[in-house]
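Report on one structure; see the data block that follows.
For ligands, and for the atoms within them, numbers begin at 1 and follow the listed sequence.
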Amino acid sequence: MSGPRVRFAPSPTGFLHVGSARSCLFNWLFARHNDGTLVLRIEDTDAERNRPDLIEGIPLTLTWLGIDIDEGPYLQSSFLPQHKASAEALWEGAYLYACDCTREQIDERIKGNAKPGYDGFCRDRSVPRSETTALRFRVPDTGVTVVHDLIRGDVEFPHDSYEDFVVVRSNGTVLFPLANAVDDREMNITHVVRGEDLFPTTPKQVMMWLALNECKNIDEVALPAYAHLPMLVNEQRKKLSKRKDPVAVESYRDEGYLPEALINYLSLLGWSPRGEEEIVPVATSIEEFRLEDVSHSPAFFDVKKLRHMNGEYIRRLSVNDFIERSAPWVRPWSTSWNPSSVAVPWTEQQFDEKIYEDIAELIKERVATFGEIPEMVSFFFLADVPFDEASFDKTIRNDEVAQQMLRSSIERFASVPWDTDSLHEATLSLGEALGLPLRKAQAPLRCAVTGTTIGPPLFESLVLLGRDLVVERFRLALERVNA
Ligand code: GLU
């Protein structure tokens with residue numbers, strides 16, 4: 001492939017943050033639009049994060065989302081020799097100096113300084129390198145570093161707002177600004193597309209990059225183009241919080257969101273295709289995606305809207321696809337993958353495949369996620385009606401007329417023809433006799449049979465359950481009132 005080379009460079013956290021997924025998606029859309037290459041590089045050099053259990057999930061989740069990677073996964077830790085060689089080159093070129101200050105000494109000295117950060121104490125002390133010295137980058141005293149950002153334009157960062165930052169710790173660890181720049185150089189990355197939270201670190205990487213270009217024995221490599229994607233914010237317009245907001249892609253997967261719905265929703269966070277339509281097939285997004293069209297204002301990650309969009313995607317599935325794709329939430333014994341968060345309320349013996357096939361069309365219209373299915377249909381499969389006590393009290397126990405409605409239904413339903421139209425007619429006329437509109441007449445019947453006040457269409461459900469069971473449940477509900 002001759003097109004651009006982009007990378008997705010997550011730090012392992014054990015789950016994929018929706019913001020990271022959005023960054024990965026925009027890299028992917030850009031790569032696919034331009035016949036480019038998407039590289040996956042897992043930035044595992046932070047010792048605490050270098051754990052296989054935190055790393056393994058990343059490619060799996062990307063695969064689930066439908067994002068295919070062209071190269072990698074590479075582990076940043078495998079580029080340590082290059083990081084070290086680059087640090088040596090910078091040292092040779094006098095871009096770095098050794099510093100033996102302790103944190104306490106620095107804090108003591110800079111107390112009350114107008115300019116925060118390291119004060120350059122060791123800059124000209126010619127401290128010899130040893131196991132107790134860090135290596136700091138000599139940030140120019142004057143001037144600016146300009147970052148050419150495809151979304152934000154040219155942004156100037158004055159050097160006097162940067163301290164001489166540490167590039168290599170005393171224990172030898174090469175830090176993010178250098179490691180990240182070296183990896184991008186090694187991998188011939190042409191475009192760095194990532195979250196706005198990293199924008200303040202970009203001048204440091206540009207400084208590293210330009211310094212490396214001037215070092216002896218290091219090839220000159222053209223700087224990549226940068227594109228910093230807008231922040232994702234919550235309802236309070238605050239940065240999404242790992243603790244308070246639902247940010248793990250894997251949780252959405254487990255709740256029964258469709259990957260194509262999530263991809264569609266994420267693609268609209270900071271970008272939009274032409275036209276008003278919000279349901280956009282991924283092929284259209286690939287065709288229309290341009291980094292220059294990405295907005296720089298924060299994007300609201302609206303879980304309600306995502307849920308709504310997922311419902312729309314579910315409604316658009318064929319019945320067969322719905323049955324097949326909802327299987328992990330409905331008959332987990334038959335599937336190789338199951339969502340960790342869902343406990344199906346029925347056993348394999350209680351489950352009735354035929355009934356599920358018959359009701360699939362109806363519930364497909366009513367659920368926003370697959371995870372909502374079990375609660376909605378468990379009354380079909382469980383011998384004991386799964387009563388919601390609050391609904392039962394309100395709809396039956398504390399309502400004399402509703403109980404009367406149940407009593408007359410027991411009589412009428414014993415002989416009424418067992419089809420939706422006849423059941424509808426019968427309910428309507430029994431309700432009228434008691435002064436109840438259809439909605440009110442249906443409520444106690446629904447609650448007696450399903451245990452709650454919401455669910456799939458009532459008369460279709462009664463037909464499927466069969467006369468004997470329905471009449472039996474009406475009786476039991478009345479018994480329950482007195483129990
Ligand atoms: N690994 C870093 C992060 O996840 C850097 C990512 C990048 O440069 O794209 O925040």
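At a heavy-atom distance under 4.0 Å, only side-chain atoms of Phe176, from C-beta outward, approach ligand 1. Contacts between Asn180 and ligand 1 below 4.0 angstrom, taking non-hydrogen atoms only, involve the side chain exclusively. Only the side chain of Leu198 comes within 4.0 Å of ligand 1, counting heavy atoms alone; its backbone N, CA, C and O stay farther away.
Classification of Arg325 and Glu260 as a salt-bridged pair holds, one side-chain N sitting under 4.0 Å from a carboxylate O. The pair Arg290-Glu288 does not count as a salt bridge, with every side-chain nitrogen at least 4.0 angstrom from each carboxylate oxygen. A salt bridge links Glu196 to Arg152: one of the charged nitrogens lies within less than 4.0 Å of a carboxylate oxygen.
Asn27 places a side-chain N or O within donor-acceptor distance of the main-chain N or O of Val193, the cut-off being under 3.5 Å.
Residue Arg41 has no nitrogen or oxygen atom sitting less than 3.5 Å from a nitrogen or oxygen atom of ligand 1, judged on distance alone.
Within a 6.0 Å radius of NE2 in His308, other residues, nucleotides and ligands contribute 12 heavy atoms or fewer.
Taking atom 6 (C) of ligand 1 as the reference point, the nearest protein heavy-atom neighbour is Ala9 O, 3.2 Å. Regarding atom 3 (C) of ligand 1, its nearest protein heavy-atom neighbour is Ser11 OG, 3.5 Å.
The aromatic ring centres of Trp329 and Trp337 sit less than 6.0 Å apart.
Of all the atoms in ligand 1, the ones that sit under 4.0 Å from a non-hydrogen atom of Arg194 are 7 (C), 8 (O), 9 (O). Heavy-atom contacts of Arg7 reach the following atoms of ligand 1: 7 (C), 8 (O), 9 (O) (cutoff under 4.0 Å). Atoms of ligand 1 found under 4.0 Å from any heavy atom of Glu43 (numbered from 1 in listed order, with element): 1 (N), 2 (C), 5 (C).
In terms of heavy atoms, Ile189 sits closest to His191 at CG2-O, 3.4 Å.
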